[in-house]
S.K.: 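One structure, as structure tokens, below. Some questions next.
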Amino acid sequence: DDEGVDAVSSEMASTPRGLIFANLVDFDTQYGHRSDVAGYAANLERFDARLKDLLPRLRYDDLMVITADHGNDPTTPSTDHSREHVPLLVAGEAVKEGVDLGTRKTFADLGQTIADNFGVGPMTHGTSFLPDIRLA
């Protein structure tokens, strides 16, 4: 996951506009599927330390979204994907603080929000939460 954060950091420095996407797979493959609670916790701490360096580099209109494609709780007895909800954290200078996005009806809400952020026409599914989080 450090390599993924390194790539994001590098792209932030060299990409003036657009979408930067990274899949930090170690949470899933190295720790979640192996029920490695201590490793998962340590990886969270490493990611958290790296995140504090990325956040101040966001430009005013940047939108950082942190989420997951599925739940994988390392404390469950199975090594399969668990069924809990996934996190949805949004940050940026133009993002209102303290907005509770609640439990979304569909993961498509994130796609609709990204489309809205880039001025792409509405998609078939999902509801954008961009109006709820953007400062005026």
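Atoms considered below: every heavy atom in the structure, side chains included; atoms not considered: hydrogens, waters and symmetry mates.
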S.K.: Quick one: does Phe27's side chain get under 4.5 Å of Leu44's, heavy atoms only?
M.R.: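 The answer is yes, as the side chains (C-beta and beyond) meet within the 4.5 Å cut-off.
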S.K.: Taking the side chain as every heavy atom from C-beta outward, state whether His125 and Thr106 have any pair of such atoms under 4.5 Å apart.
M.R.: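 The answer is no; the side chains never approach within 4.5 Å.
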S.K.: So does Asp109 get a backbone contact from the side chain of Thr113, meaning a donor-acceptor N/O pair under 3.5 Å?
M.R.: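 Side chain of Thr113 to backbone of Asp109: a pair is present.
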S.K.: To the nearest 0.5 Å, how far apart are CG in Asp53 and CG in Asp48?
M.R.: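 That separation rounds to 10.5 Å.
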S.K.: When you measure from the side chain of Asp28 to the backbone N and O of His33, does any donor-acceptor pair fall under 3.5 Å?
M.R.: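 No, Asp28 side chain to His33 backbone: no donor-acceptor pair under 3.5 Å.
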S.K.: Is any side-chain heavy atom of Leu89 less than 4.5 Å from a side-chain heavy atom of Thr67?
M.R.: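 No, too far: nothing below the 4.5 Å cut-off.
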S.K.: Phe107, Leu19: one ILVMFWY side-chain cluster at the under-4.5 Å cut-off?
M.R.: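 As far as the 4.5 Å side-chain criterion goes, Leu19 and Phe107 are connected within one cluster.
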S.K.: Cluster question for you: counting only ILVMFWY and a side-chain heavy-atom cut-off of under 4.5 Å, with indirect links fine, are Leu63 and Val99 together?
M.R.: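 Both belong to a single hydrophobic cluster.
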S.K.: Using only atom types and a distance under 3.5 Å, with no angle test, would you say the side chain of Arg59 pairs donor to acceptor with the backbone of Pro16?
M.R.: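 Answer holds: yes.
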S.K.: Please say whether more than 12 non-hydrogen atoms of neighbouring residues, nucleotides or ligands are located less than 6.0 Å from CD in Glu3.
M.R.: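 Atom CD in Glu3 is not crowded, with 12 or fewer foreign heavy atoms closer than 6.0 Å.
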S.K.: Please tell me if the side chains of Phe47 and Asp2 come closer than 4.5 Å, counting only heavy atoms from C-beta onward.
M.R.: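 Sidechains of Asp2 and Phe47: no contact.
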S.K.: Within the 4.5 Å heavy-atom criterion, are Met64 and Leu55 side-chain neighbours or not?
M.R.: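 Yes - at least one pair of side-chain heavy atoms lies under 4.5 Å apart.
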S.K.: Is there side-chain contact between Ile133 and Leu101, with heavy atoms separated by less than 4.5 Å?
M.R.: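 Of all side-chain heavy-atom pairs linking Leu101 with Ile133, at least one is under 4.5 Å.
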S.K.: Going by heavy atoms in the side chains, are Phe129 and Leu110 under 4.5 Å from each other?
M.R.: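 Phe129 reaches Leu110 side chain to side chain.
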S.K.: Just so I know, are the side chains of Asn23 and Phe21 near enough to count as touching, which here means a heavy-atom distance under 4.5 Å?
M.R.: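 In contact.
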S.K.: Look at the side-chain heavy atoms of Ile, Leu, Val, Met, Phe, Trp and Tyr, link any pair under 4.5 Å apart, and say whether Met12 and Phe118 land in one connected group.
M.R.: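 Looking at the clustering, Phe118 is in a separate group from Met12.
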S.K.: Test side chain to side chain donor-acceptor pair (under 3.5 Å) on Arg34 and Thr29; report intermediate values, then the result.
M.R.: CA-CA 7 Å; Arg34 297 177 184 192; Thr29 61; over 6 Å; no
S.K.: If I take atom NZ from residue Lys96 and atom CG from residue Asp132, how far apart are they, to the nearest 0.5 angstrom?
M.R.: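 Going from NZ on Lys96 over to CG on Asp132, the span is 7.0 Å.
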S.K.: What residues, two or more places apart in sequence or in another chain, satisfy side chain to side chain contact (heavy atoms under 4.5 Å, CB included) together with Thr76?
M.R.: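 Side chain to side chain contact (heavy atoms under 4.5 Å, CB included) check on Thr76 returns Asp73, Ser82.
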S.K.: Relative to the ring of Tyr31, is the ring of Tyr40 parallel (under 30°), tilted (30 to 60°) or perpendicular (over 60°)?
M.R.: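 The arrangement is perpendicular - the two ring planes meet at more than 60°.
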S.K.: Say you draw a straight line from CG of Asn43 to CG of Asp1; how long is it, rounded to the nearest 0.5 Å?
M.R.: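 Going from the CG atom of Asn43 to the CG atom of Asp1 covers 4.5 Å.
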S.K.: Taking Gln112 for its side chain and Gly126 for its backbone only, find out whether a donor-acceptor pair lies under 3.5 Å.
M.R.: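 Between the backbone of Gly126 and the side chain of Gln112 there is a qualifying donor-acceptor contact (under 3.5 Å).
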S.K.: Please, which pairs that meet salt bridge (Lys or Arg N to Asp or Glu O under 4.0 Å) have at least one residue in residues 6-22, sequence neighbours excluded?
M.R.: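 Qualifying pairs: Asp6-Arg50.
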